[in-house]
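Below is one structure, written out as structure tokens; the observations come after it.
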Amino acid sequence: AGDTGQGARAWIKQILNQDMAFQHIKVIYPTAPARPYTPMKGALSTVWFDRYKISNDCPEHTETIDSMCHGLTDLINDEIKSGITKNRILVGGFSMGGGMAMHLAYRFHRDVAGVFALSSFLNKESAVYQALKRNEGDLPELFQCHGTADELILYSWGEETNKMLKSLGVPTSLHTFPNLNHELSKTEIEELKTWIIKKLPIEVAKTN
């Protein structure tokens with residue numbers, strides 16, 4: 001919360017000593033709009049949605065989550081219009097961004113290539129769980145990472161989210177990083193990059 005797309009990009013670049021770039025994949029870092037954020041006593045912050053509190057044990061702020069899902073759907077549609085097929089699109093993010101990505105993919109865009117969520121969680125009665133209970137068919141794979149020393153978004157919340165999604169049919173993996181607080185690590189980003197290339201391999205031109 002409170003960072004921008006360019007801030008996230010710079011942060012990853014600092015950790016890797018280079019941009020997270022791929023020959024054949026375009027990386028987009030969207031910025032959330034500024035809105036009053038309840039956990040910061042209503043101060044304006046660039047957050048994907050509001051929360052009643054930072055806890056997995058309260059209702060979701062569905063109104064702000066849903067309006068953001070519509071906004072991000074426009075972003076996905078722009079890419080599709082430019083010629084990228086839906087099954088070549090991944091969505092993901094860090095912290096709130098990962099929560100946002102899970103809502104976006106598992107409620108509205110189940111035909112994306114995959115989802116990643118770093119140091120993220122879903123509330124106990126999440127709309128994502130409700131939507132998946134009615135699911136038929138294949139779901140995108142979830143690549144989840146979480147530090148065991150996270151003091152803001154507890155590791156147990158991430159773990160519980162992973163178990164719930166798995167029980168509802170989502171193919172998931174949870175990568176645990178000992179001693180990592182609410183931050184990114186080099187190993188984690190390297191593992192994420194490997195997974196991204198596995199999900200979006202270079203398409204070899206088919207020769208007749």
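Quick caveat, the model's predicted, so the values are computed rather than measured.
- Residues Met102 and Ala117 come closest through the heavy atom pair CE-CB, 4.0 Å.
- Side-chain atoms of Ser126 come within 3.5 Å of backbone N or O of Val128 as a donor-acceptor pair.
- Without hydrogens or angle criteria, Gln6 side chain to Thr4 main chain gives no donor-acceptor distance under 3.5 Å.
- Judged by distance alone, with hydrogens and angles left aside, the side-chain atoms of Ser95 form no donor-acceptor pair with the main-chain N or O of Gly97 at under 3.5 Å.
- Between Leu72 and Ile76 there is no side-chain heavy-atom pair separated by less than 4.5 Å.
- Summarising the geometry, atom CG belonging to Asp78 is positioned 10.5 Å from atom CD1 belonging to Ile84; distances are rounded to the nearest 0.5 Å.
- No side-chain heavy atom of Lys163 sits less than 4.5 Å from a side-chain heavy atom of Glu160.
- Looking at Pro36 and Lys41, their side chains never come closer than 4.5 Å, going by heavy atoms from C-beta outward.
- Between Thr38 and Lys53 there is no side-chain heavy-atom pair separated by less than 4.5 Å.
- Comment: Asp66 engages Arg107 in a salt bridge, judged by a side-chain N to carboxylate O separation of less than 4.0 angstrom.
- Between Arg35 and Met68, some side-chain heavy-atom pair lies under the 4.5 Å cut-off.
- Judged purely by distance below 3.5 Å, without hydrogens or angles, the side chains of Asp50 and Thr64 never pair a donor atom with an acceptor atom.
- Using cut-offs of 30° and 60° on the angle between ring planes, the pair Phe121 and Trp157 is tilted.
- The shortest heavy-atom contact between Ala127 and Glu60 is N-OE1, 2.8 Å.
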Side-chain donor/acceptor pairs under 3.5 Å, residues 165-173, sequence neighbours excluded:
{"unit_1": "Ser167", "atom_1": "OG", "unit_2": "Met164", "atom_2": "O", "d": "2.7"}
{"unit_1": "Thr172", "atom_1": "OG1", "unit_2": "Asn162", "atom_2": "OD1", "d": "3.1"}
{"unit_1": "Ser173", "atom_1": "OG", "unit_2": "His175", "atom_2": "NE2", "d": "3.1"}

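- Side-chain contact check for His146 and Thr176: no donor-acceptor pair (N or O, by modelled atom type) lies under 3.5 Å.
- Between the side chains of Thr85 and Asn87, a donor-acceptor pair is found at a separation under 3.5 Å.
- The cluster map of Ile, Leu, Val, Met, Phe, Trp and Tyr, joined by side-chain heavy atoms under 4.5 Å apart, puts Leu152 and Met100 in the same cluster.
- In this structure, a donor-acceptor pair under 3.5 Å is absent between the side chains of Asn123 and Arg51.
- Scanning both residues, Gly5 and Thr31, for their nearest heavy atoms gives N-OG1, 2.7 Å.
- Between the Thr148 side chain and the Asn179 main chain, a donor and an acceptor come within less than 3.5 Å of each other.
- The NE2 atom of His103 sits 7.0 Å away from the SG atom of Cys69 when rounded to the nearest 0.5 Å.
- Surrounding CD of Gln130 are more than 12 heavy atoms belonging to other residues, nucleotides or ligands, all under 6.0 Å away.
- Listed for the Arg110 side chain is a donor-acceptor partner under 3.5 Å among the backbone atoms of Tyr106.
- Using a cut-off of 4.0 Å between Lys/Arg side-chain N and Asp/Glu carboxylate O, Lys86 and Glu79 are scored as not salt-bridged.
- Other members of the hydrophobic cluster containing Leu90, listed by chain and number, are Trp11, Ile12, Ile15, Leu16, Met20, Phe22, Ile25, Val27, Tyr29, Phe94, Phe116, Leu118, Phe143, Leu184, Ile189, Leu192, Trp195, Ile196, Ile197, Leu200; membership follows side-chain contacts under 4.5 Å among ILVMFWY residues, whether direct or relayed.
- For the ring-ring contact (aromatic ring centres under 6.0 Å, His included) condition, the pairs that include at least one residue of residues 47-85, sequence neighbours left out, are Tyr52-His61.
- Between Leu75 atom CG and Ile89 atom CD1 the span is 9.0 Å, to the nearest 0.5 Å.
- Note on Met96 and Leu154: same hydrophobic cluster, where clusters join Ile, Leu, Val, Met, Phe, Trp and Tyr whose side-chain heavy atoms are under 4.5 Å apart, directly or indirectly.
- Residues Ile65 and Ile54 are members of one and the same hydrophobic cluster, defined by side-chain heavy-atom contacts under 4.5 angstrom among Ile, Leu, Val, Met, Phe, Trp and Tyr.
- Rounding to the nearest 0.5 Å places CG of Leu180 at 6.5 Å from OG of Ser119.
- The hydrophobic clustering, which links ILVMFWY residues whose side-chain heavy atoms are closer than 4.5 Å, places Phe177 and Ile153 apart.
- With hydrogens and angles disregarded, a donor-acceptor distance shorter than 3.5 Å links the side chain of Thr46 to the backbone of Asp3.
- Counting heavy-atom neighbours within 6.0 Å of Asp138 CG, excluding the residue itself, gives a total of 12 or less.
- Tyr129 and Val115 fall within a single hydrophobic cluster, where Ile, Leu, Val, Met, Phe, Trp and Tyr side chains are chained together by heavy-atom contacts under 4.5 Å.
- Gln144 and Ser120 are not linked by any side-chain donor-acceptor pair at a separation below 3.5 angstrom, with hydrogens and angles left out of the test.
- Taking CD from Glu141 and CG from Leu139, the interatomic distance works out to 11.5 Å, rounded to the nearest 0.5 Å.
- Side-chain N or O atoms of Asn56 include none that pairs as donor or acceptor with a backbone N or O of Leu122 at under 3.5 Å.
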